[in-house]
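Read the structure below first, then the notes.
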Amino acid sequence: MSDMITADLVDLDLAAATKEEAARSLARRMVALGRVTDLEGFLADVAAREARMPTGLDGGIGIPHCRSTHVTEPTLAFGRAPEGIDFGAPDGPADLVFLIAAPSGADDAHLAILSALARRLTDTGFTAALRGTASVPTAAA
């Protein structure tokens with residue numbers, strides 16, 4: 001997963017009040033690295049996926065994700081939102097937000113990212129480290 005996320009794709013002070021603002025902020029990082037070619041098109045795909053089913057998980061985690069023609073390579077961005085953002089989880093807002101972008105037709109890559117991330121998120125030490133870190137290491141996740 002380390003080739004999908006770099007320090008440039010991490011925001012430890014994600015200033016967003018809504019899931020749309022969070023997706024936009026993280027997606028801008030993807031655009032800056034050339035991993036997303038059309039910000040608005042990509043965000044429309046994220047919103048369409050979110051409309052089908054909320055992407056909030058118990059434990060303060062939001063995982064907006066989609067496959068899109070506007071994605072050049074599988075990518076994962078991370079934001080830590082101190083105020084919390086409503087992603088529709090039953091237990092409340094998310095302070096850990098992971099935006100997953102996969103190219104259209106890359107079903108295997110999309111599922112692999114989701115699966116690998118889900119495995120990591122079951123480790124309470126991993127989520128505690130994400131919540132407690134003061135800086136972004138040079139090689140993230």
Side-chain angles (χ1 to χ4, degrees), residues 1-16 18-141:
M1 197 169 7
S2 63
D3 59 333
M4 288 182 234
I5 186 168
T6 66
D8 294 329
L9 292 166
V10 176
D11 184 351
L12 295 180
D13 296 306
L14 181 61
T18 66
K19 60 187 175 183
E20 294 83 8
E21 289 174 8
R24 179 173 294 279
S25 179
L26 294 174
R28 281 186 180 137
R29 291 171 176 266
M30 294 177 175
V31 169
L33 294 177
R35 295 179 180 210
V36 168
T37 59
D38 177 344
L39 178 64
E40 296 306 323
F42 173 69
L43 291 172
D45 292 339
V46 171
R49 167 58 189 87
E50 189 76 25
R52 289 197 315 265
M53 176 187 245
T55 56
L57 302 176
D58 286 341
I61 298 167
I63 309 179
H65 59 278
C66 73
R67 288 179 296 272
S68 173
T69 59
H70 308 292
V71 176
T72 61
E73 64 184 280
T75 302
L76 174 65
F78 168 70
R80 188 172 63 195
E83 302 301 315
I85 300 167
D86 183 9
F87 278 90
D91 70 339
D95 63 325
L96 303 179
V97 180
F98 300 87
L99 177 60
I100 299 173
S104 281
D107 295 348
D108 290 346
H110 187 237
L111 293 175
I113 297 168
L114 280 169
S115 176
L117 182 57
R119 278 193 303 275
R120 297 292 303 268
L121 293 173
T122 62
D123 178 354
T124 56
F126 177 70
T127 55
L130 291 174
R131 287 185 171 102
T133 191
S135 64
V136 179
T138 55

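- Here Arg24 contributes atom CZ and Leu39 contributes atom CG; the two are 5.0 Å apart, rounded to the nearest 0.5 Å.
- Expressed to the nearest 0.5 Å, how far CZ of Phe126 lies from CG of Leu117 amounts to 6.5 Å.
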Checking side-chain contact (heavy atoms from CB on, under 4.5 Å) for the pair Phe87/Leu57: CA distance, chi angles, key distance, verdict? CA-CA 8 Å; Phe87 278 90; Leu57 302 176; over 6 Å; no
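- Shortest non-hydrogen contact noted between Leu99 and Ala23 is CD2-O, 3.7 Å.
- In this structure, Ser25 and Leu14 have side chains that are in contact, with non-hydrogen atoms separated by less than 4.5 Å.
- Between Glu40 and Asp38, the closest side-chain pair of non-hydrogen atoms falls below 4.5 Å.
- Within the 4.5 Å cutoff, side-chain heavy atoms of His65 are placed close to those of Leu114.
- With hydrogens and angles ignored, the 3.5 Å screen pairs a side-chain donor or acceptor of Thr127 with a backbone N or O of Thr124.
- Asp91 approaches Gly59 most closely through the heavy-atom pair OD2-N, 2.7 Å.
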Does the pair Arg52 and Arg49 meet the rule for a side-chain contact (heavy atoms from CB on, under 4.5 Å), with working shown? CA-CA 5 Å; Arg52 289 197 315 265; Arg49 167 58 189 87; 3.1 Å; yes
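- No side-chain heavy atom of Pro93 sits less than 4.5 Å from a side-chain heavy atom of Ile85.
- Residues Phe42 and Ser68 have side chains in contact (heavy-atom distance under 4.5 Å, counting atoms from C-beta outward).
- Under a 3.5 Å cut-off, the side chain of Glu83 and the backbone N or O of Ala15 do not form any donor-acceptor pair.
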Working note: Asp86 + Lys19, criterion side-chain contact (heavy atoms from CB on, under 4.5 Å); need CA distance, chi angles, decisive distance, verdict. CA-CA 7 Å; Asp86 183 9; Lys19 60 187 175 183; over 6 Å; no
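- Atom CD1 of Ile5 sits about 4.5 Å away from atom CG of Leu76, to the nearest 0.5 Å.
- Counting all heavy atoms, side chain and backbone alike, Ala22 lies closest to Ala16 at N-CB, 3.5 Å.
- At a threshold of 4.5 Å between non-hydrogen side-chain atoms, the residues Arg35 and Leu9 count as touching.
- Counting heavy atoms from C-beta on, the side chains of Ile63 and Leu121 come closer than 4.5 Å.
- For Thr122 (side chain) and Arg120 (main-chain N/O), no donor-acceptor pair under 3.5 Å exists by modelled atom type.
- Looking only at side-chain heavy atoms (C-beta outward), Leu130 and Phe78 come within less than 4.5 Å of each other.
- Judged by distance alone, with hydrogens and angles left aside, the side-chain atoms of Asp45 form no donor-acceptor pair with the main-chain N or O of Cys66 at under 3.5 Å.
- Between Pro74 and Pro103 the shortest heavy-atom distance is N-CD, 3.8 Å.
- Between the CD1 atom of Ile100 and the CE atom of Met30 there is a distance of 8.5 Å, given to the nearest 0.5 Å.
- Distance alone, capped at 3.5 Å, is enough to place a donor-acceptor pair between the Thr72 side chain and the Gly34 backbone.
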The test is side-chain contact (heavy atoms from CB on, under 4.5 Å); show your working for Ile113 and Phe98 and say whether it passes. CA-CA 11 Å; Ile113 297 168; Phe98 300 87; over 6 Å; no
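- Test Arg28, Arg29, Arg80 against Asp11 for salt bridge (charged side-chain N to carboxylate O under 4.0 Å, His left out) and you get one pass: Arg29.
- For the atom pair CG of Asp8 and CG of Leu33, the computed distance is 5.0 Å after rounding to the nearest 0.5 Å.
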